[in-house]
**Student:** 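I'd like to ask some things about the structure below.
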Amino acid sequence: MSLLDRHRAVMPGWMPVYYGDDALEIVSGKGRRVTDAAGRSYLDFFGGVLTTMVGYDIAEISDAVRRQVDTGVAHTSTLYLIRQQVELAEKIARVSGIPDARVFFTNSGTEANESALLFATNVRRSNQILAIKNSYHGRTFATMAVTGHRSWSSSSLSPLSVNWLSSADRLRGRMAGLDDGDLLDAAVDDLREVLATVTAGDVAALIAEPIQGVGGFVHGPDGLLGAYQKVLSEHGILLIADEVQTGWGRTGEHFWGYQAHGVTPDLITFAKGIGNGYALGGVVGRAEVMNAVPAISFSTFGGNPISAAAGNAVLDYVLDHDLQGNALRVGSILLDGLRSLESAIVAEVRGRGLMIGIEFVRPGTTEPDPAATLRVFDLCREGGLLVGKGGLYGNVIRIGPALTLTEDEARAGLAVLTDAIAVADSESRIA
């Protein structure tokens, strides 16, 4: 049996695997390149869903993990002091932008968002949450309840009462075609209408991604979260910024996505890139909110010595090498190159820094074209480039490479992308 056959024999059928019957096994990596089991090398523009944020085989991270492993201590639980965890919490509190912050570590972004919802609902004594359509926040009951993306909502059961705000999608829906000022006005009107009509009593929080990840990197104009918070503050409603994909300088212009909006969240959730492949996530937030849990609680493996050692090394590397600045500089090469394309199947190129989405449509329309998207996706692999897919209709190519991506690598990947788009565009005209 092939590895794919063995995977299908023991894994649930709902776990997606890229490339169908030609599924890829990555067996080694260095820098921004990976090698598959057949020995072929690829430039990785997706980084394990924006997780391998510093790249593969980074000595500073490997050495930090190895030093911890060599102590013989992989786990002690938070019932004992963990130096690596405390040091990482101090660093994250310092860069969070939240005064007198507290940090709680988890194993994933889902668990981080679940924790943030626990904190917010406890301090507000309400299970009512505001969420945004086209969002993704995780796969547990509470996080799935605030996920506004049908493909990822596998149950209607929920511990929360959720009301929805419109996404900032400018191609379709309530915000279609609006300029920045009109979109901000429409978003505030939408929020006020939801609060006035479909909520009951106190609302606990709004949870929002500064840039929607699984939703295809859709994002509103600068100041959108700030405009929301002015209304939220009138009602005492908390703001949770889901920075699982936007944190640590990925957007280039800011260290956190929320910083584009003139706002300071009550809670920030993080995961993915901070571990660079090691399981690490968490919440950083205002002390009075973080301390609102009225019972004993902890995460068995969250912030364990090995993951925390990796996190310390990752955050130090990001800051010491100004990876935020590199994301802005190298991301501009990709954004400028993609936006200069003349293609009938590309409706929009959006994003910031090294978080970029390309939305594909049928020529002359805004009708999503997942087939053209899949064609570009497969052509990229043929050309030696790995990218991701997403969007509400499966018609967005997602680009999220390591923040260490070089200018030469950006240009090489851009060449593969533009060639793939040109071929798919030509084929769509013939069809």
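Below, each value reflects all heavy atoms present in this structure, side chains not excepted, and no hydrogens, waters or symmetry copies.
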**Student:** Decide if atom CH2 of Trp164 counts as having more than 12 heavy atoms of other residues, nucleotides or ligands within a radius under 6.0 Å.
**Tutor:**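 Counting neighbours around CH2 of Trp164, more than 12 heavy atoms of other residues, nucleotides or ligands fall under 6.0 Å, so yes.
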
**Student:** Provide the full list of ring pair (Phe, Tyr, Trp, His ring centres under 6.0 Å) pairs with a residue in residues 367-386, sequence neighbours left out, each pair given once.
**Tutor:**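 The answer is Tyr18-Phe377, Tyr19-Phe377.
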
**Student:** Testing the 3.5 Å rule here: is there a donor-acceptor pair between the side chains of Glu114 and Thr140?
**Tutor:**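 Yes, side-chain donor-acceptor contact under 3.5 Å.
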
**Student:** Going by the ring pair (Phe, Tyr, Trp, His ring centres under 6.0 Å) test, which pairs reach into residues 325-362, not counting sequence neighbours?
**Tutor:**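 For residues 325-362, and leaving out neighbouring residues, there are no ring pair (Phe, Tyr, Trp, His ring centres under 6.0 Å) pairs at all.
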
**Student:** With side chains defined as the heavy atoms from C-beta onward, is the minimum distance between Trp152 and Arg139 less than 4.5 Å?
**Tutor:**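 Sidechains of Arg139 and Trp152: no contact.
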
**Student:** Ignoring hydrogens and geometry, is there a side-chain-to-backbone donor-acceptor pair from Ser41 to Thr35 under 3.5 Å?
**Tutor:**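 A pair under 3.5 Å: no.
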
**Student:** Quick check for you: to the nearest 0.5 Å, what is the distance between Asn395 atom CG and Glu367 atom CD?
**Tutor:**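 So the gap between those two atoms works out to 10.0 Å.
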
**Student:** Tell me the closest heavy-atom pair linking Asp242 and Tyr136, and the distance in Å.
**Tutor:**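 Between these two residues, the closest heavy atoms are OD2-O, 3.7 Å.
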
**Student:** Between Thr269, Leu118, Leu267, Thr106, which is the residue that forms a side-chain contact (heavy atoms from CB on, under 4.5 Å) with Asn113?
**Tutor:**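 By the side-chain contact (heavy atoms from CB on, under 4.5 Å) criterion, Asn113 pairs with just one of Thr269, Leu118, Leu267, Thr106: Thr269.
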
**Student:** Donor-acceptor pair, distance only, cut-off 3.5 Å: does the side chain of Asp182 make one with the backbone of Asp179?
**Tutor:**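 Checking the backbone N and O of Asp179 against the side chain of Asp182, no donor-acceptor pair under 3.5 Å is found.
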
**Student:** According to side-chain hydrogen bond (donor to acceptor under 3.5 Å, both in side chains), does anything in residues 403-420 pair up with another residue at least two apart or in another chain? List the pairs.
**Tutor:**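 Only Arg32-Thr404, Arg32-Glu409, Thr406-Glu409 qualify under side-chain hydrogen bond (donor to acceptor under 3.5 Å, both in side chains).
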
**Student:** Among residues at least two apart in sequence or on other chains, which ones pass ring-ring contact (aromatic ring centres under 6.0 Å, His included) with Tyr56?
**Tutor:**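 Not a single residue meets the ring-ring contact (aromatic ring centres under 6.0 Å, His included) criterion with Tyr56.
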
**Student:** Among pairs that include at least one residue of residues 224-235, which meet side-chain hydrogen bond (donor to acceptor under 3.5 Å, both in side chains), considering only residues two or more places apart or in two chains?
**Tutor:**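 For residues 224-235: Arg192-Glu234.
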
**Student:** Looking at Ala101 and Ser96, what are the two nearest heavy atoms and their distance?
**Tutor:**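 Between these two residues, the closest heavy atoms are CB-OG, 3.9 Å.
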
**Student:** Kindly indicate, with the supporting measurements, whether the criterion side chain to side chain contact (heavy atoms under 4.5 Å, CB included) is fulfilled by Leu88 and Gln85.
**Tutor:** CA-CA 5 Å; Leu88 181 56; Gln85 184 182 93; 5.9 Å; no

**Student:** Does a salt bridge link Glu348 with Arg170, judged by any charged N lying under 4.0 Å from a carboxylate O?
**Tutor:**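 Judged by the 4.0 Å cut-off on N to carboxylate O distance, Glu348 and Arg170 do not form a salt bridge.
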
**Student:** In chain order, what residues pass the side chain to side chain contact (heavy atoms under 4.5 Å, CB included) check against Ala415, with sequence neighbours excluded?
**Tutor:**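 Testing Ala415 for side chain to side chain contact (heavy atoms under 4.5 Å, CB included), a comparison that skips the adjacent residues, returns none.
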
**Student:** Do His149 side-chain atoms and Gly391 backbone N/O form a donor-acceptor pair below 3.5 Å?
**Tutor:**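 Side chain of His149 to backbone of Gly391: a pair is present.
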
**Student:** Using side-chain heavy atoms (C-beta onward) and a distance below 4.5 Å, is Ile358 in contact with Leu417?
**Tutor:**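 Yes. Closest side-chain heavy atoms under 4.5 Å.
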
**Student:** Hey, does Ile92 have a side-chain heavy atom less than 4.5 Å from the side chain of Ile268?
**Tutor:**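 Contact flag for Ile268/Ile92 side chains = no.
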
**Student:** Run Leu386 and Leu24 through side chain to side chain contact (heavy atoms under 4.5 Å, CB included) and show every step you take.
**Tutor:** CA-CA 10 Å; Leu386 302 183; Leu24 185 68; 3.9 Å; yes

**Student:** Side chains of Val146 and Ser135, heavy atoms from C-beta outward: is any pair under 4.5 Å?
**Tutor:**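 With C-beta onward as the side chain, the pair stays apart.
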
**Student:** With a 4.5 Å cut-off on side-chain heavy atoms, are Asp180 and Leu224 touching?
**Tutor:**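 Counting from C-beta outward, Leu224 and Asp180 never come under 4.5 Å.
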
**Student:** Please tabulate, for the side chains in residues 211-220, all donor-acceptor contacts under 3.5 angstrom to protein atoms that are two or more places apart in sequence or on a different chain.
**Tutor:**
{"residue": "Gln212", "atom": "OE1", "partner": "Asn134", "partner atom": "ND2", "Å": "2.9"}
{"residue": "Gln212", "atom": "NE2", "partner": "Lys133", "partner atom": "O", "Å": "3.0"}

**Student:** Go through Val318 and Phe255 one step at a time and tell me if the side chain to side chain contact (heavy atoms under 4.5 Å, CB included) criterion holds.
**Tutor:** CA-CA 10 Å; Val318 167; Phe255 195 74; 4.0 Å; yes

**Student:** Output all residues satisfying side chain to side chain contact (heavy atoms under 4.5 Å, CB included) with Leu335, sequence neighbours left out; order by chain, then residue number.
**Tutor:**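 Leu335 satisfies side chain to side chain contact (heavy atoms under 4.5 Å, CB included) with Arg339, Val349, Ile356 only.
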
**Student:** Quick one: list whatever passes side chain to side chain contact (heavy atoms under 4.5 Å, CB included) with Arg6, sequence neighbours left out.
**Tutor:**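 Partners of Arg6 under the side chain to side chain contact (heavy atoms under 4.5 Å, CB included) test: Met1, Leu3.
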
**Student:** OG1 of Thr373 to CG of Asp378: how many Å apart, nearest 0.5 Å?
**Tutor:**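 Here the interatomic distance stands at 11.0 Å.
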
**Student:** Can you list everything that forms a ring-ring contact (aromatic ring centres under 6.0 Å, His included) with Tyr317? Sequence neighbours excluded, please.
**Tutor:**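 Testing Tyr317 for ring-ring contact (aromatic ring centres under 6.0 Å, His included), a comparison that skips the adjacent residues, returns His321.
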
**Student:** Would you check, one step at a time, whether the test side chain to side chain contact (heavy atoms under 4.5 Å, CB included) holds for Leu206 with Ile132?
**Tutor:** CA-CA 8 Å; Leu206 165 65; Ile132 299 178; 4.2 Å; yes

**Student:** Any side-chain to backbone donor/acceptor pair from Gln128 onto Asp202? Under 3.5 Å, distance only.
**Tutor:**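 Yes; at least one donor-acceptor contact below 3.5 Å.
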
**Student:** Can you name the closest pair of heavy atoms from Arg381 and Arg40 and give their distance?
**Tutor:**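 Scanning both residues completely, I find the closest heavy atoms to be O-NH1, 3.3 Å.
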
**Student:** Mind checking the CG-CG spacing from Leu323 to Leu328? Nearest 0.5 Å is all I need.
**Tutor:**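 One gets 12.5 Å once the value is rounded to the nearest 0.5 Å.
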
**Student:** Quick one: side chain to side chain contact (heavy atoms under 4.5 Å, CB included) partners of Asp21, sequence neighbours excluded?
**Tutor:**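 Asp21: side chain to side chain contact (heavy atoms under 4.5 Å, CB included) contacts with Leu4, Arg8.
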
**Student:** Would the distance check show the side chain of Ser307 and the main-chain N or O of Gly303 forming a donor-acceptor pair, the cut-off being under 3.5 Å?
**Tutor:**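 No, because the side chain of Ser307 does not come within donor-acceptor range (under 3.5 Å) of the backbone of Gly303.
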
**Student:** Using modelled atom types only, decide if a donor and an acceptor are shared between the side chain of Asp266 and the backbone of Leu239 within a distance under 3.5 Å.
**Tutor:**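 Between the backbone of Leu239 and the side chain of Asp266 there is a qualifying donor-acceptor contact (under 3.5 Å).
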
**Student:** Please confirm whether the backbone N or O of Val203 pairs with a side-chain atom of Arg124, one donor and one acceptor, at under 3.5 Å?
**Tutor:**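 Side chain of Arg124 to backbone of Val203: a pair is present.
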
**Student:** Please tell me if the side chains of Thr110 and Met144 come closer than 4.5 Å, counting only heavy atoms from C-beta onward.
**Tutor:**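 No, every pair of side-chain atoms sits at 4.5 Å or beyond.
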
**Student:** Only counting residues at least two apart or in another chain, list the ones meeting side-chain hydrogen bond (donor to acceptor under 3.5 Å, both in side chains) with Arg174.
**Tutor:**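 Checked Arg174 against side-chain hydrogen bond (donor to acceptor under 3.5 Å, both in side chains); matches are Asp190.
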
**Student:** At what distance, to the nearest 0.5 angstrom, does CG of Leu385 lie from CZ of Phe45?
**Tutor:**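 Leu385 CG to Phe45 CZ: 5.5 Å, rounded to 0.5 Å.
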
**Student:** Test salt bridge (Lys or Arg N to Asp or Glu O under 4.0 Å) on Arg352 and Asp222 and set out the steps.
**Tutor:** CA-CA 12 Å; Arg352 288 185 161 167; Asp222 288 355; 2.4 Å; yes

**Student:** Donor-acceptor pair, distance only, cut-off 3.5 Å: does the side chain of Ser340 make one with the backbone of Gly337?
**Tutor:**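 Yes; judged by distance alone, with no hydrogens or angles, the pair exists.
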
**Student:** Is the shortest heavy-atom distance from the side chain of Leu405 to the side chain of Leu354 under 4.5 Å?
**Tutor:**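 Touching, per the 4.5 Å side-chain cut-off.
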
**Student:** With rounding to the nearest 0.5 angstrom, report the CG to CG distance, Leu191 to Leu130.
**Tutor:**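 Here the interatomic distance stands at 6.5 Å.
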
**Student:** Counting C-beta onward and ignoring hydrogens, is there a side-chain heavy-atom pair between Ile129 and Thr121 closer than 4.5 Å?
**Tutor:**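 SC-SC contact between Ile129 and Thr121 confirmed.
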
**Student:** Can you check whether Asp36's main-chain N or O pairs, donor with acceptor, with Glu25's side chain at less than 3.5 Å?
**Tutor:**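 The answer is no, because no donor-acceptor pair under 3.5 Å joins these two groups.
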
**Student:** Hey, what do you get for CD (Glu209) to CD (Glu243), rounding to the nearest 0.5 Å?
**Tutor:**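 Result: 10.0 Å between the selected atoms.
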
**Student:** List the atom of Asn127, the atom of Pro159, and the distance in Å for their closest heavy-atom pair.
**Tutor:**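 Taking Asn127 first and Pro159 second, the nearest heavy atoms are ND2-O, 3.4 Å.
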
**Student:** Ignoring hydrogens, what is the shortest heavy-atom contact between Pro368 and Arg172? Give both atom names and the distance.
**Tutor:**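 What the structure gives for the nearest pair is CG-NH2, 3.6 Å.
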
**Student:** Looking at Asp425 and Ser428, what are the two nearest heavy atoms and their distance?
**Tutor:**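 Result for this residue pair: O-OG, 2.6 Å.
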
